[in-house]
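Below you'll find the structure, written out as structure tokens, and then a few comments.
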Amino acid sequence: MLHNLKKSLFEILIKIDKNVSINFEDVEVETLFDKKGDFTTNAALKFSKIFGKNPNQLADIILKSINLNNFEKVEIAGPGFINFFLKDESFNTQLFNNKKEFTEKEKVNIEFVSANPTGPLHLAHGRGAVVGDILSNLFEYFGHPVTREYYVNNTGNQINEFLSSILYSISHTYNLNLNEKQFYKGDYINDIAKNCYEKFKPLFDNKLSSDEKNNIVNYAIENLVNQTLQTLVTAGIKFDQISYETTIMGKGHLPLILEKFKQKDLTYEGQLNAPKDFTGTLKDNQLTIFKSTLFEDDEDRALTKNDGTPTYFANDIAYHEDKFQRGFNKLINIWGADHLGYLKRLSSAITSLHPKIDFSVVFCQIVNLKRDNKIQKLSKREGNIFELKNLIDEIGIDNFRYFMSYRKNDTHMDLDIDLIKRENKENPIYYIQYSYARTQSILNKVNKVVDTPVTITSELKNLYKKLLEWDNVVKSAYLKKEVHLIAHYLESLSSYFHTLWSSSKNKPSVKFLDNENNISYNIIKLLHNYQNVLDEGLKILGIKPKLKM
RNA sequence: GCGCUUGUAGCUCAGUAGGAUAGAGCACCAGAUUCCUAAUCUGGGGGCCGCAGGUUCGAUUCCUGCCAAGCGCGCCA
């Protein structure tokens, strides 16, 4: 219906003046839920300038060309809006969703979570995990083959510190004299240390070689990554591809990349300002530096370190090159807000290698945990990290997924544990599930489907219209990569359903079932349509509908 | 200091590729249940859309400046 209306408006507009060109996508038709009408368009306002007419004049011209078949009336209102009032009988016949046309077939790679393999997942990872998974579902809804990818940074100082911390724990627990420093603390380190000790017990009789240390830390990382993936599985999140930084490095992309940069004159050998706390001398070593200031970055960025090894940035470029070589041209990364400053250098490096690549980043802002109406201060340093696993156990998968996705991803958000645990309207997911259970209870009672006329009330009209918006909502969420739009729509849709349901208290004639539990053909079609939209929406959110509550 | 993100009702937040009287939930007040699930519904009060300029028929939305909060600003990852 919305599409047809848009189409007929477009056809009218292009006939008015052949010298004026208009984009079909620029014609807007919106749904109204008040006395002003059922649908509206701002076309006359929007296009008045290019037609050189005033808005009311243009609206008048459009109005005269409109086919009135389905409409009770069409009127010009306010500064030049055209409002459409649908005939009652058209609600049952015209207001159903268009079949989706899946034209998207492009492979998409969505990389998310990618937590450092030195500790368990905590709250902040949860948002990225849910947003990434839902975004993947959304891309699949539109037909894309999606690869959900997880990257493990298993090189660098953090790994040495991780190993050192494990050996420190072993040394402490088993009274060995390993002479190691403690960097990471917590029960999880002691648990992993215990596992490592049991696995590699004989090795500790002698001094550990660097190969042996390597085996120990690799085992520890594998352990931790598996735990992490297991936690995510309890939240319904499964990855198709786990990529290890060391594996990617072994493929040898980096030298070729550096050569290409050199040919494009995007690098130079030189020095940057001394890093924080640096006490040595810089002058002897030249670094390879990427000219990211050419791409509006604040500073040029080092690709190699003082000791000649590649920086994290360099390896990350190689990693994205690897994704490209695996056949992905559309790359989406989900990052925490602490990586905002990293975007320019990486995207400029990638697009300078592959100008046509479609690389984008979805940022997830900080999540605060609220309990007893107080923001909980969480910090690694204080050792009071709230593990993600505990959160999921406490609130359940449905709540976890819904609440992590119902706020716009780039705004700060408070996760109110007490509110989430309430099972009423304050908790939208219960509200949505309850509406589904109500429709199912009707369907369970149906005796016969009969062809009786339906009383068209304003509550019924509103539900029809709201259902019609689904196609636009899901498409908009997809185009903008904003998953919260789905959650908000479902909540709002449920509200229209509950309102319709309750309206029968005062008007028994609008009950879904008659006295013999018969249901009219149009109503059962409506209920199925309602369930269908909730099914699709909840599936994207990764939440199972409840048939009974 | 620089960059990014944010600032909308008492609270938590939607809405902005410029459009009509800025929305929802909570909280507060008043109501609805012999009747398909009251985990629900109906009504009410409550807003210089951070501040000040600019662009135009029209700005919460775009531009500039300022104020406030968060994050980032290594040859860490």
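Per chain, numbering begins at 1; letters A, B, ... match sequence-line order.
- Using modelled atom types and a 3.5 Å distance limit, the side chains of T309(A) and D307(A) yield a donor-acceptor pair.
- Comparing G45(B) with G23(B), their P atoms are spaced 13 Å from each other, to the whole Å.
- In this structure, L343(A) reaches neither bases nor backbone, as no heavy-atom distance under 4.0 Å exists between it and the strands shown.
- Here the rule is side chain to side chain donor-acceptor pair (under 3.5 Å) with Y319(A), and of E149(A), H253(A), E245(A) only E149(A) fits it.
- Partner assigned to A52(B) is U64(B), using Watson-Crick or G-U wobble distances below 3.5 angstrom.
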What are the atom names and distances for every N/O pair under 3.5 Å that joins the protein to nucleotides 10-12 of chain B?
residue : atom : partner : partner atom : Å
U12(B)  : O2'  : R407(A) : NH2          : 3.3

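- The partner of U42(B), taking Watson-Crick or G-U wobble pairs whose two distances both stay under 3.5 Å, is A30(B).
- For K445(A) and U37(B), the shortest distance from a side-chain N or O to OP1 or OP2 is below 4.0 Å.
- Taking the C1' atoms as reference points, C51(B) lies 14 Å from U60(B), given to the whole Å.
- The residues E75(A) and K36(A) are annotated as not salt-bridged, no charged nitrogen and carboxylate oxygen being separated by less than 4.0 angstrom.
- With both pairing distances under 3.5 Å, A14(B) is matched to nothing as a Watson-Crick or G-U wobble pair.
- The residue A77(A) sits close to a base: some heavy atom pair falls under 4.0 Å.
- Look at the P atom in both G25(B) and A14(B): the space between them is 16 Å, to the nearest Å.
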Mind listing the N/O atom pairs, protein and nucleotides 5-9 of chain B, below 3.5 Å?
residue : atom : partner : partner atom : Å
U5(B)   : O2'  : Q365(A) : NE2          : 3.4
U5(B)   : O2'  : D410(A) : O            : 2.9

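- With hydrogens and angles ignored, no donor-acceptor pair closer than 3.5 Å exists between the side chain of T499(A) and the base of C41(B).
- For the OP1/OP2 pair of C75(B) and a distance below 4.0 Å, the side-chain nitrogens and oxygens of T311(A) include no atom meeting the criterion.
- Separation of the C1' atoms belonging to A22(B) and U16(B) is 11 Å when rounded to the nearest angstrom.
- Using modelled atom types and a 3.5 Å distance limit, the side chains of Q440(A) and N444(A) yield a donor-acceptor pair.
- Spacing between U42(B) and G47(B) at atom P, rounded to whole Å, works out to 23 Å.
- Looking only at side-chain heavy atoms (C-beta outward), P310(A) and M249(A) come within less than 4.5 Å of each other.
- Using a 4.5 Å heavy-atom cutoff, the side chains of H484(A) and Y489(A) are not in contact.
- Nucleotide U21(B) has no partner under the Watson-Crick or G-U criteria, as no pair reaches both atom distances under 3.5 Å.
- When each of V130(A), D398(A), L419(A) is paired with F403(A), the side chain to side chain contact (heavy atoms under 4.5 Å, CB included) condition holds for L419(A) and for no other.
- Contact annotation: Y312(A) does not reach the phosphate of A77(B) (side-chain N/O to OP1 or OP2, under 4.0 Å).
- Salt bridge annotation for K461(A)-D38(A): absent, with no cationic side-chain nitrogen under 4.0 angstrom from a carboxylate oxygen.
- In this model, no donor atom of one side chain and acceptor atom of the other lie less than 3.5 Å apart for H3(A) and D471(A).
- Among the heavy atoms of the strands, none lies under 4.0 Å from F363(A).
- Under the 6.0 Å distance and 45° angle rule, K73(A) counts as a cation-pi partner of F85(A).
- Among the atoms of the strands shown, base atoms are found under 4.0 Å from some heavy atom of S504(A).
- Across all strands, N23(A) comes closer than 4.0 Å to no nucleic acid atom at all (heavy-atom distances).
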Between protein and nucleotides 21-29 of chain B, what N or O pairs are separated by less than 3.5 Å?
none

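- Looking at E269(A) and T288(A), their side chains do bring a donor and an acceptor atom within 3.5 Å of each other.
- Looking at heavy-atom distances under 4.0 Å, A437(A) makes contact with a base.
- Of the two residues contacting RNA chain B, namely R438(A) and L45(A), the nearest-nucleotide position lying further toward the 5' end is that of L45(A).
- Using modelled atom types and a 3.5 Å distance limit, the side chains of E516(A) and N447(A) yield no donor-acceptor pair.
- The partner of C71(B), taking Watson-Crick or G-U wobble pairs whose two distances both stay under 3.5 Å, is G3(B).
- Across the C1' atoms, A52(B) and C48(B) are found 12 Å apart, a figure rounded to whole Å.
- Looking at Q531(A) and T439(A), their side chains do bring a donor and an acceptor atom within 3.5 Å of each other.
- Counting only N and O atoms by type, the side chains of S435(A) and Y530(A) include a donor and acceptor under 3.5 Å apart.
- On the P atoms, C2(B) is 36 Å away from C57(B), given to the nearest whole Å.
- As judged by a 4.0 angstrom heavy-atom cut-off over every strand, H484(A) is placed among residues touching the sugar-phosphate backbone only.
- One interatomic measurement links the two molecules: CD of E28(A) to C1' of U16(B), which rounds to 12 Å at whole-angstrom precision.
- Counting distance only, with no hydrogens placed and no angle test, the side-chain atoms of D34(A) and the base atoms of A20(B) include no donor-acceptor pair under 3.5 Å.
- Going from the C1' atom of A24(B) to that of G15(B) covers 10 Å, rounded to whole Å.
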